[in-house]
**Student:** 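So that we are looking at the same thing, I have put the structure below in structure tokens.
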Amino acid sequence: MNRIWSKGMSILLVSIMTGSLLSGCMNSSENGEGDGEGNGTTLKILHNWNGSGGSDNGITPIEEVIKEKTGVTLEWEYTKGSETEKVNQIFATQDLPDIYTGPAWGGELDGIIKAAKEGQLVDISDKLDNYPNLAQSIAEENVPPALYEKAINAYDGKKYLLLQNQPATNEDGIDWLYGFYVRKDIAEKVGVDPQSVVTKEDFYAFLKKIKDANLQENGQPVFPLGGFSNGWSVGIGNTMFYSGAGYVDKGDGTLEHSFFTPGYEEYMLFYRKMVAEGLLDPDVFTQTDPIAKEKINQGRIAILAAHYPAILDASKEYVTSHPGSDYIPVGPLERADVDPSRPVDLGIQGNNVTVITKNCKGACVDAALKFLDYMASDEGFMLSRYGVQGVHWDLKDGKPVANKEWFDKFAADQSGKVRKNVGISIGLESLTGLDRINSYAGGDIWADQDRVDAMDHARKVLRPNGIQVITAYNPGDVITKAPEWEMLKPSMDRMGDAWKEAVFAKSDEAAMSIINELRDQLRNTGYDQAMQFTNDNLKGKEVVTVQMPN
């Protein structure tokens with residue numbers, strides 16, 4: 001685990017009066033260049049998270065403070081669609097932001113690493129001494145080991161990537177409580193105690209009962225199981241069929257990708273069965289985020305798969321108008337080949353990497369680093385999450401306390417737009433260095449008590465043995481350093497699509513053909529040699545072979 005964040009609470013210096021906040025300059029020029037009149041710099045920033053968004057009212061009060069502190073005005077771009085495709089698109093078309101921030105894993109990270117190796121990012125290694133908050137965010141002791149070797153310290157001493165939101169301490173390691181959650185009223189209607197659902201057979205029977213009840217909302221059918229945009233994260237049932245990690249122990253101390261295991265086949269066939277029998281929303285893998293949320297708001301999803309905060313947010317409007325329809329946890333469900341008494345293994349690691357692209361040159365780089373270092377400071381951390389001190393919150397007895405007027409406004413706003421118009425949840429929190437929301441910032445001051453109670457209840461149900469944060473080496477990071485990786489990667493990237501194609505294939509035989517054809521393709525593009533490389537490099541090291549999403 002990372003070192004303990006030991007710095008105590010300091011008195012924050014932000015004390016900007018509202019009047020001055022609203023009188024900031026808007027005259028800066030674009031693309032990281034100053035306007036020559038001392039009005040600061042405008043930086044174009046891409047927040048590469050599908051469905052993210054900003055303020056309806058232009059520059060926000062939080063951004064006004066940032067501008068006053070750093071001289072930087074932000075011009076945002078948000079992603080609607082695949083984050084991986086967006087990464088590939090911006091570097092292929094050279095339509096680059098000045099600053100990019102996005103997911104710190106999977107294909108998005110691979111795209112950023114590739115851009116670093118191609119010279120498309122700014123090397124900040126010789127500048128970090130002047131920006132201590134940024135240096136701290138990528139100090140070796142603050143980054144998961146495999147990620148450090150793969151992405152942070154992988155360029156012969158040069159540094160291109162900043163890691164964001166890695167928990168500074170154990171208490172900052174937030175469990176987002178991924179799982180299946182059922183509407184309480186529907187569970188009662190079909191006569192099933194959600195906590196009696198433990199095995200995959202129980203889960204299937206539960207979905208069948210819901211389907212057989214022929215429930216409808218406003219004349220439209222209720223889907224037994226659904227998710228959010230592009231299938232997020234309906235596939236988390238995989239842990240019922242294999243350990244949930246990308247790579248599993250073959251039993252002889254060597255590793256195999258889970259795609260090659262019998263458990264993976266059972267997992268795919270189970271989802272096929274759910275689609276064929278109308279238990280799973282058939283559009284779940286293609287729908288957009290607004291459509292997914294519309295279905296939830298219409299009361300058309302009985303069981304949702306995702307992390308709990310997203311479910312609470314998405315269902316708030318429907319639950320308010322339909323008391324008793326709140327989503328409650330199902331299970332805990334069995335984990336294949338895992339001792340039931342084992343604490344839940346959570347792969348908690350930073351959720352964003354941030355880079356400065358080659359589009360930013362000269363003074364733009366200095367402005368970007370000044371801005372990013374400020375955001376990673378204690379002051380920037382508090383500002384991005386709580387708003388403007390003295391306006392939205394204040395310190396009482398050394399602890400941050402929400403201004404009641406704003407607490408009530410946020411609580412009453414079901415769309416989240418009021419927060420965004422302040423500047424909260426528009427992406428700035430993705431740029432604040434180590435996560436110290438509990439150890440430094442005193443917790444989420446905007447959380448309403450009902451939400452806190454719901455999370456506490458779900459935690460007691462789904463984590464009866466607690467959690468343990470994974471600190472071992474992830475084979476998925478090691479295999480990318482194999483000589484065969486460039487040839488193998490396109491086949492590896494096909495796994496998710498192949499699974500979905502198999503789920504919707506005409507027959508089980510056709511589905512297995514899709515899986516086996518890709519297995520052959522993987523072997524023909526160097527899989528066996530890359531796995532040998534991975535196994536050789538992980539000898540004697542603690543390796544991730546059991547994992548739950550976080």
Side-chain angles (χ1 to χ4, degrees), residues 12-26 28 40 42-43 45 47 49 51-78 99 101 164-165 293 309-310 312-314 316-317 351-352 371-372 374-396 399-433 435-437 440-452:
L12 300 179
L13 299 177
V14 180
S15 58
I16 309 301
M17 298 300 290
T18 304
S20 65
L21 295 177
L22 300 177
S23 62
C25 175
M26 298 289 288
S28 299
T42 296
L43 297 177
I45 180 167
H47 190 248
W49 282 90
S52 58
S55 163
D56 286 338
N57 301 331
I59 189 167
T60 67
I62 289 178
E63 290 171 304
E64 291 282 8
V65 175
I66 291 170
K67 183 175 180 179
E68 182 154 332
K69 294 288 183 179
T70 68
V72 167
T73 300
L74 298 173
E75 179 183 295
W76 291 93
E77 179 187 358
Y78 296 100
I99 296 173
T101 193
Q164 310 285 359
N165 307 141
K293 290 177 178 174
L312 291 171
D313 288 340
K316 190 172 182 178
E317 185 175 339
N351 56 23
N352 272 258
F371 159 68
L372 291 170
Y374 173 74
M375 293 310 302
S377 69
D378 293 343
E379 185 177 316
F381 185 91
M382 301 287 273
L383 178 67
S384 71
R385 282 162 174 76
Y386 296 161
V388 181
Q389 186 178 6
V391 178
H392 305 110
W393 65 281
D394 223 326
L395 283 175
K396 293 182 180 177
K399 294 183 179 180
V401 177
N403 177 304
K404 187 175 185 309
E405 175 193 354
W406 284 98
F407 184 93
D408 291 344
K409 286 181 180 178
F410 289 167
D413 174 40
Q414 296 173 359
S415 69
K417 271 298 177 185
V418 176
R419 289 182 187 230
K420 289 181 183 294
N421 290 339
V422 166
I424 297 172
S425 301
I426 65 171
L428 290 166
E429 69 284 355
S430 300
L431 303 166
T432 49
D435 183 359
R436 56 266 200 209
I437 187 68
Y440 178 78
D444 182 2
I445 64 172
W446 300 117
D448 66 67
Q449 194 55 50
D450 288 344
R451 186 186 181 94
V452 171

**Student:** Provide the closest heavy-atom pair for T432 versus S384 in the form atom of the first, atom of the second, distance.
**Tutor:** CG2-OG, 3.3 Å
**Student:** Only one of V72, I66, T70 clears side chain to side chain contact (heavy atoms under 4.5 Å, CB included) with M375; which?
**Tutor:**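 Result: among V72, I66, T70, I66 is the only option passing the side chain to side chain contact (heavy atoms under 4.5 Å, CB included) with M375.
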**Student:** Looking at I424, I62, D378, L428, which one forms a side chain to side chain contact (heavy atoms under 4.5 Å, CB included) with L383?
**Tutor:** I62
**Student:** Search all heavy atoms of A441 against all heavy atoms of F381 and return the closest pair with its distance.
**Tutor:**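 What the structure gives for the nearest pair is CB-CE2, 3.7 Å.
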**Student:** If you define the side chain from C-beta out and look only at heavy atoms, does anything of D448 sit under 4.5 Å from F407?
**Tutor:** yes
**Student:** Taking the side chain as C-beta and beyond, is there a heavy-atom pair between I426 and E63 under 4.5 Å?
**Tutor:**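 Counting from C-beta outward, I426 and E63 do come under 4.5 Å.
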**Student:** Do K417 side-chain atoms and G54 backbone N/O form a donor-acceptor pair below 3.5 Å?
**Tutor:** yes
**Student:** Quick one: CG on D444 to CZ on R385, what's the gap to the nearest 0.5 Å?
**Tutor:** 9.5 Å
**Student:** Just how far is it from atom CG of D435 to atom CD of E429, taken to the nearest 0.5 Å?
**Tutor:**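 Reported value, rounded in 0.5 Å steps: 11.0 Å.
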**Student:** Would you find a donor on one side and an acceptor on the other, under 3.5 Å apart, between the side chain of K399 and the backbone of G442?
**Tutor:** no
**Student:** Going through the checks in order, is the side chain to side chain contact (heavy atoms under 4.5 Å, CB included) test met by R451 and D313?
**Tutor:** CA-CA 9 Å; R451 186 186 181 94; D313 288 340; 2.7 Å; yes
**Student:** Between CZ of F371 and CD1 of I99, what distance do you get to the nearest 0.5 Å?
**Tutor:** 5.5 Å
**Student:** Any side-chain to backbone donor/acceptor pair from E75 onto L43? Under 3.5 Å, distance only.
**Tutor:** no
**Student:** Under 3.5 Å, is there a donor-acceptor pair between the side chain of N421 and the main chain of D56?
**Tutor:**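 It does hold such a pair.
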**Student:** Less than 4.5 Å apart, any side-chain heavy atom of H392 and any of W446?
**Tutor:** yes
**Student:** Do Y374 and V65 make a side-chain contact, defined as non-hydrogen atoms from C-beta onward lying under 4.5 Å apart?
**Tutor:**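 Of all side-chain heavy-atom pairs linking V65 with Y374, at least one is under 4.5 Å.
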**Student:** Considering all heavy atoms of both residues, which atom of A447 and which atom of V452 are nearest to each other, and what is their separation?
**Tutor:** CB-CG2, 3.8 Å
**Student:** First locate atom CZ of R436, then atom CG of N165, and finally report the distance between them rounded to the nearest 0.5 Å.
**Tutor:** 9.5 Å
**Student:** Is there a side-chain contact between P400 and Q389 (heavy atoms, below 4.5 Å)?
**Tutor:**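 Answer no - side chains too far apart.
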**Student:** What closest approach, in Å, do Y386 and I437 show between heavy atoms, and which atom pair accounts for it?
**Tutor:** OH-CD1, 3.6 Å
**Student:** Do the side chains of L431 and L372 get nearer than 4.5 Å, heavy atoms only?
**Tutor:** yes
**Student:** What closest approach, in Å, do D413 and R419 show between heavy atoms, and which atom pair accounts for it?
**Tutor:**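 Shortest heavy-atom contact: OD2-N, 4.2 Å.
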**Student:** Report yes if some heavy atom in the side chain of T101 is under 4.5 Å from a heavy atom in the side chain of W49; otherwise report no.
**Tutor:**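 No, their side chains stay 4.5 Å or more apart.
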**Student:** Using every non-hydrogen atom in the two residues, find where A411 and K316 come nearest and quote the distance to one decimal.
**Tutor:** O-NZ, 3.2 Å
